[in-house]
Amino acid sequence: MEYNHRDIESRWQERWRNDGTYRVEIDKTRPKFYVLDMFPYPSGAGLHVGHPLGYIASDIYSRYKRLNGFNVLHPMGYDAYGLPAEQYAIQTGQHPETTTNVNIARYREQLDKIGFSYDWNREIRTCSPDYYKWTQWAFIRMFGHYYDTALQKAMPVTALVEKLETSGTEGVHAACGEDMEFSAEQWKAMDEKQKADTLMNYRIAYLGNTMVNWCPELGTVLANDEVSEGVSVRGGYPVEQKLMYQWCLRVSAYAGRLLDDLEKLDWTESLKETQRNWIGRSEGAEMKFDIEGSDIKLDIFTTRPDTVFGVTFMVLAPESEYVDMVTTADRREAVEEYRRSIKHKTERERMIDKRVSGVFTGAYAVNPLSGARIPVWVSDYVLAGYGTGAIMAVPAHDSRDYAFARHFDLPVIPLIEGADVSEESYDAKSGRMVNSASDRLDLNGLDVKEAMAKAKKYIEEAGIGKVKVNYRLRDAIFSRQRYWGEPFPVYYKDGIANVLPDESLPLLLPEVDKFLPTESGEPPLGRAENWCTPEGWPFELNTMPGFAGSSAYYLRYMDPHNSEALVSEEANSYWQNVDLYIGGTEHATGHLIYSRFWNKFLYDLGVVCRDEPFNKLINQGMIQGRSNFVYRIKDTNTFVTLGKKDGYDVTPIHVDVNIVSNDILDLEAFRRWRPEYATAEFVLDDDGRYRCGAAVEKMSKSMFNVVNPDDIVERYGADTLRLYEMFLGPLEQSKPWDTNGIDGVNRFIKKLWNLYYKGDMLLVDDSKPTAENLKSLHKLIKKVSEDIENFSFNTSVAAFMICVNELSQQKCHSREILSQLVILLAPFAPHVSEELWHSALGNDTTVCDAVWPSYNEEYLRESEVTYAVSFNGKARFNLTVAADMPAQEVETLAKNHESAAKWLEGKTVRKVIVVPGKIVNIVVS
RNA sequence: GCCCGGAUGGUGGAAUGGUAGACACGAGGGACUUAAAAUCCCUUGGCCAUACCGGCUGUGCGGGUUCGAGUCCCGCUCCGGGCACCA
């Protein structure tokens with residue numbers, strides 16, 4: 001029987017399916033292990049060969065853990081809400097659900113061919129009502145909770161209301177939109193609407209007027225991580241800033257915990273760093289500056305309270321509320337003019353335009369420490385959304401302030417000894433303070449760090465301000481003006497937002513006639529009929545964003561069919577959280593922040609038992625495409641091979657990589673590829689072949705470099721695909737897909753097969769394994785076990801090749817060796833392993849039920865070892881001795897060896913170093 | 001600008017501070033074959049020598065530590081990624 005992957009793979013996939021081999025249930029007698037892939041968005045293009053990379057790695061690890069006695073949860077599902085299906089719906093009128101289902105079916109078919117060990121019984125889809133019921137349920141809880149900054153956890157809004165009723169805002173420590181102060185009496189005096197508005201200021205899911213990223217082309221707002229360089233990540237359309245009344249999640253309240261808890265995660269340093277940057281903690285002080293001639297106090301945030309004596313002007317963000325408050329009558333027109341000019345600019349234009357601009361408000365502030373009179377300006381280099389939207393400018397020690405000061409000819413006062421500020425600012429936080437003393441505070445002579453501490457202390461004590469930590473992380477904007485997403489479980493009664501009771505969940509996504517905004521500019525849900533409660537209160541018209549459904553999906557897999565709870569306490573306490581999460585690094589500041597936030601919120605509520613969702617996370621690298629080119633001589637239909645193209649005036653043209661093999665073009669296939677090439681002529685290499693050029697590019701249809709996993713599976717088999725994807729290089733590294741080279745791993749499988757089959761004859765025998773056989777096998781056990789633990793799958797594959805080569809040379813057909821070998825191989829190449837396991841043992845067990853072997857040092861021990869004997873570090877000869885020879889004897893032997901004589905001649909031995917089993921170094925002079 | 005990674009043959013990539021280049025591709029040579037495919041064997045970092053033994057050199061660049069450095073330390077260059085008027 002020749003190795004026939006089609007037969008073997010379809011047979012075993014069917015058996016696994018029929019037997020429910022990969023079904024998993026809670027089993028308290030075994031330790032659990034949860035391996036998760038980032039579930040895919042099922043796009044219309046289907047999977048290309050890059051997508052399964054992470055899935056293969058996680059499948060290998062899952063199977064390995066299972067063989068090691070763990071009860072492994074390894075589920076898969078679909079992130080099924082999203083923009084592409086809706087855009088397609090707008091163009092074709094086809095319901096997004098229809099397209100989504102078609103795409104999912106296609107994905108499933110492709111995934112099945114690769115032989116994954118998913119428990120499909122646990123599949124979830126974010127667009128299914130059974131699932132999004134729990135997304136809505138979580139939203140209701142976020143609406144019903146506020147974040148207590150003293151307790152550092154979410155607490156019920158009802159508890160907040162009690163406090164407000166007894167003592168007002170006194171003693172309330174809550175994350176909020178704006179600081180409020182009122183008494184219990186004032187609270188009680190509020191009408192229902194005022195109370196609702198007040199509570200909105202505290203809720204974790206709240207309605208707020210916020211600057212949003214508005215994308216006119218997509219007709220919706222986008223979250224910060226969905227925008228890059230002023231354009232939408234999906235589609236690349238321009239994005240502008242717009243003030244809108246939107247649902248938001250108070251993610252910022254969790255910034256401190258999100259940052260601190262990174263410490264305990266087993267994630268790569270670079271990913272943690274990305275999240276740290278995104279969260280952006282900065283320690284400093286908030287200080288009040290009096291405005292001259294009024295009782296207005298300007299609140300500013302600075303990280304450099306030590307430089308307060310160098311403040312020569314103040315700057316307000318154009319959108320800041322302070323602007324109207326402080327601007328003097330004679331400057332009002334100029335200020336308004338400036339604000340208008342800013343408003344017209346989109347985020348993108350503001351970013352590209354690095355020119356310094358600004359306007360004087362006419363107001364002066366008073367430096368609380370020096371008493372100096374300082375002008376207040378407005379400029380768009382100060383952002384409204386960060387800190388207080390106002391800054392104290394210290395041009396000598398901040399490059400942005402410096403640029404502004406030079407442009408408007410404002411004074412620059414250096415505060416650090418020896419700092420040369422004639423050309424640029426001195427931003428470094430080191431040196432000795434000068435010019436920094438008044439009758440209130442003296443920082444002169446102190447080191448910057450000391451000065452900072454002293455300044456902070458004084459500011460707090462004198463009541464000028466308070467020490468404060470600011471985060472760059474913003475609240476997540478949670479409304480989308482789209483159809484294909486979760487409806488909010490929200491209705492408006494007399495203009496007040498209310499959430500639905502749990503019993504009425506899920507609130508089903510209604511049908512609409514068109515997937516476009518209404519004529520009056522409302523979101524598509526405005527088209528739905530009877531989109532209101534039975535009492536006639538209208539439902540929310542926005543839907544939730546993509547990250548809503550993907551934030552807690554890993555919890556649902558633990559208990560996917562539970563209609564009473566997101567996850568039962570029993571299931572959650574058994575499966576805990578994800579032990580290994582594999583996915584792309586592009587989710588670093590989106591999904592991976594939102595998920596952590598969402599999980600922490602549920603943790604605060606006691607719904608889940610762990611405060612972090614993903615213990616270990618691995619980012620698989622991107623698989624890029626490898627494009628091929630042909631070279632057409634200008635104005636002809638003649639194509640020149642790569643080696644001869646320099647002699648002609650040619651245009652490179654992308655050619656479908658699927659009609660190229662090892663860079664050699666299939667000429668007939670090329671003529672058939674496109675009608676215009678039917679009559680193509682070629683200038684060939686001297687060996688009569690056409691060699692194509694190649695380049696690494698993104699894998700995409702337009703470059704004709706998309707390789708479909710189905711084609712690879714059809715031609716080489718899933719086992720070859722799996723091994724080859726791993727063999728390509730380190731998991732975490734980005735690398736181009738290159739089908740050249742796949743023959744190598746395919747050859748390995750055939751070699752393995754041919755070791756045990758000659759034609760139809762099974763060569764497996766019961767001979768006792770020799771020491772040599774055992775050594776080959778146990779070397780492999782050791783190497784593969786270690787490699788899998790380290791996610792070094794490429795070197796494991798190499799180890800298999802070496803082992804099979806050795807066993808072939810040894811002509812080892814031992815049943816004992818074979819059965820162990822295929823257990824090791826099963827995670828990588830499950831189908832052929834099953835087949836050989838079955839052939840070898842002839843019984844009805846599957847290799848999935850086997851036990852991972854452990855290696856025996858005994859078999860690995862060398863009887864002899866070879867030392868490289870070196871003189872002053874240069875290896876000169878090899879010395880082979882018994883493995884257990886003491887170092888002392890090795891030393892003597894090396895020095896007395898005949899080959900040593902010429903190196904030792906006329907020299908003295910100063911030192912001899914023996915590294916067991918490796919090196920003898922003789923230092924001579 | 002700030003913060004992370006990385007740089008090893010024609011190619012993808014191996015190397016707990018211990019003989020750099022495992023394994024694979026590609027290339028060259030050979031066996032089998034009418035031929036091709038498949039399979040198997042040999043060679044393959046560079047330079048020199050070549051009947052054979054062999055010699056020199058070599059992990060982006062410059063220094064350092066060490067008996068010994070691809071690996072550790074300092075200073076650069078280039079490439080990739082993240083953040084970026086965040087005060």
Side-chain angles (χ1 to χ4, degrees), chain A residues 2 228-229 268-282 284 300-304 307 315 317 350-351 353-354 356 379-383 385-394 397-401 403-404 427 470-474 585-586 588-589 619 621-622 626 662-663 694 723-724 727-730 732-748 750-751 754 783 786 792 794-802 805 808 866-878 910-925:
Chain A
E2 286 295 304
S228 179
E229 294 179 12
T268 59
E269 209 34 56
S270 74
L271 183 63
K272 288 191 196 178
E273 199 56 34
T274 302
Q275 289 212 344
R276 282 188 201 112
N277 282 339
W278 189 260
I279 297 168
R281 181 192 149 99
S282 50
I300 60 97
F301 176 73
T302 179
T303 54
R304 297 293 302 274
T307 61
V315 187
R350 242 163 110 162
M351 209 132 56
D353 190 3
K354 298 265 183 196
V356 175
S379 173
D380 69 345
Y381 85 89
V382 173
L383 304 176
Y386 184 75
T388 59
I391 63 152
M392 63 178 214
V394 185
H397 303 293
D398 182 287
S399 54
R400 295 153 303 180
D401 298 344
F404 194 84
D427 291 13
N470 255 329
Y471 295 96
R472 204 165 59 210
L473 184 71
R474 307 295 164 80
T585 181
E586 68 273 17
T589 55
N619 291 122
M622 275 240 283
R626 186 175 184 276
N662 289 337
D663 293 341
L723 282 166
Y724 187 56
F727 189 62
L728 226 39
E732 299 177 70
Q733 195 170 301
S734 284
K735 57 233 159 195
W737 176 266
D738 185 356
T739 307
N740 302 344
I742 197 167
D743 289 329
V745 286
N746 192 234
R747 237 168 255 159
F748 154 74
K750 286 183 188 162
K751 218 178 262 183
N754 291 332
K783 178 79 176 143
E786 288 170 358
S792 176
N794 56 332
T795 51
S796 301
V797 178
F800 280 114
M801 291 176 175
I802 295 167
N805 272 337
S808 299
T866 301
Y867 288 85
V869 181
S870 62
F871 297 90
N872 291 343
K874 284 278 179 212
R876 299 299 175 178
F877 66 91
N878 289 340
R910 298 173 54 125
K911 197 166 162 190
V912 179
I913 296 145
V914 179
V915 178
K918 286 174 182 170
I919 294 281
V920 179
N921 189 39
I922 301 175
V923 186
V924 294
S925 61

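Below, read A as the first sequence line, B as the second, and so on, with proteins coming before strands; counting in each chain starts at 1. Just so you know, these numbers use all the heavy atoms, side chains as well, and skip hydrogens, waters and symmetry mates.
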Check step by step if side-chain contact (heavy atoms from CB on, under 4.5 Å) holds for A:Met392 and A:Thr307.
-> CA-CA 10 Å; A:Met392 63 178 214; A:Thr307 61; 3.8 Å; yes
Return the set of residues passing side-chain contact (heavy atoms from CB on, under 4.5 Å) with A:Gln275 (not counting sequence neighbours), or none when no residue passes.
-> A:Leu262, A:Trp267, A:Leu592, A:Ile593, A:Arg596
Please state how far atom NZ in A:Lys750 lies from atom P in B:A37, giving the value in whole angstrom units.
-> 14 Å
With no hydrogens and no angle check, is any side-chain donor or acceptor of A:Asp401 less than 3.5 Å from a backbone partner on A:Val394?
-> yes
Whole angstrom value for the distance that separates C1' of B:C4 from CD of A:Gln733 | 16 Å
A:Val745 and A:Met801: CA distance, side-chain angles, deciding distance, side-chain contact (heavy atoms from CB on, under 4.5 Å) verdict | CA-CA 8 Å; A:Val745 286; A:Met801 291 176 175; 3.3 Å; yes
Given Watson-Crick and G-U pairs under 3.5 Å, RNA chain B in dot-bracket ([ ] crossing, | other strand) is (((((((..(((.....[....)))((((((.......))))))((((.....))))..(((((..]....))))))))))))....
Once each nucleotide of nucleotides 20-26 of chain B is scored for protein heavy atoms under 4.0 Å, what B/S/- sequence comes out, 5' to 3'?
-> --BBSSS
Please state the C1' separation for the pair B:C56 and B:G18 - nearest whole angstrom.
-> 22 Å
Pick the P atom in B:G60 and in B:A20, then give their distance to the nearest Å.
-> 15 Å
A:Trp737 CH2 - B:U11 C1' separation (whole Å) | 16 Å
Are there any protein N/O atoms within less than 3.5 Å of an N/O atom in nucleotides 1-3 of chain B, and if so, which ones and at what distance?
from: B:C3; atom 1: O2'; to: A:Glu273; atom 2: OE2; distance (Å): 3.0

Where does B:G28 land, syn or anti, given syn is within 90° of 0?
-> anti
Whichever of A:Gln275 and A:Asp401 has the more 5' nearest nucleotide on RNA chain B, that residue is A:Gln275
For A:Asn740, the side chain to side chain donor-acceptor pair (under 3.5 Å) test, sequence neighbours excluded, returns A:Asp738
d(CG, A:Leu271; P, B:G80) in whole Å = 21 Å
Under 4.0 Å between a side-chain N/O of A:Ser282 and OP1 or OP2 of B:A87, yes or no?
-> yes
Partner set under side chain to side chain donor-acceptor pair (under 3.5 Å) for A:Arg304, not counting sequence neighbours | A:Asp306
With sequence neighbours excluded, residues passing side-chain contact (heavy atoms from CB on, under 4.5 Å) with A:Gln733 | A:Pro730
All side-chain contact (heavy atoms from CB on, under 4.5 Å) counterparts of A:Thr585, not counting sequence neighbours = A:Leu271, A:Asn619
side-chain contact (heavy atoms from CB on, under 4.5 Å) between A:Val356 and A:Tyr381: does it pass, once the steps are laid out?
-> CA-CA 8 Å; A:Val356 175; A:Tyr381 85 89; 5.9 Å; no
On a whole-Å scale, what distance lies between the C1' atoms belonging to B:A27 and B:G9?
-> 13 Å
Nearest-angstrom distance from the residue atom NZ of A:Lys735 to P of B:G12 | 13 Å
Take atom CD of A:Glu786 and atom P of B:A15, then tell me their distance rounded to the nearest Å.
-> 12 Å
Between B:U71 and B:U65 - P atom distance, rounded Å = 15 Å
Residues forming a side-chain contact (heavy atoms from CB on, under 4.5 Å) with A:Asn805, sequence neighbours excluded = A:Lys751
Would you mind classifying the nucleic acid contact of A:Arg281 as base, sugar-phosphate or nothing, using non-hydrogen atoms under 4.0 angstrom?
-> nothing
Spacing of the P atoms in B:U16 and B:U11 (rounded, Å) = 23 Å
Reckon A:Pro730 touches a base, only the sugar-phosphate, or nothing at all at heavy-atom distances under 4.0 Å?
-> sugar-phosphate
Determine the Euclidean distance between corresponding P atoms of B:G13 and B:A84; express it in Å to zero decimal places.
-> 30 Å
Qualifying residues under side chain to side chain donor-acceptor pair (under 3.5 Å), relative to A:Ser282, sequence neighbours excluded = A:Tyr386
May I ask you to say what A:Ser399 touches in the nucleic acid, namely base, sugar-phosphate or nothing, with a heavy-atom cut-off under 4.0 Å?
-> nothing
Residues passing the salt bridge (charged side-chain N to carboxylate O under 4.0 Å, His left out) test with A:Arg747, sequence neighbours excluded, are none
Round to a whole Å and report the spacing from CG of A:Leu473 to C1' of B:C83.
-> 13 Å
Could you pull out all residues at least two apart from A:Trp737 that satisfy side chain to side chain donor-acceptor pair (under 3.5 Å)?
-> A:Thr739
For B:A87, take OP1 and OP2 only and decide whether either is under 4.0 Å from a side-chain N or O of A:Tyr381.
-> no
A:Asp427 atom CG is separated from B:A84 atom P, nearest whole Å, by 19 Å
In whole Å, what separates the C1' atom of B:G62 from that of B:G80?
-> 24 Å
For B:C78 and B:C67, measure between their P atoms and round to the nearest Å.
-> 35 Å
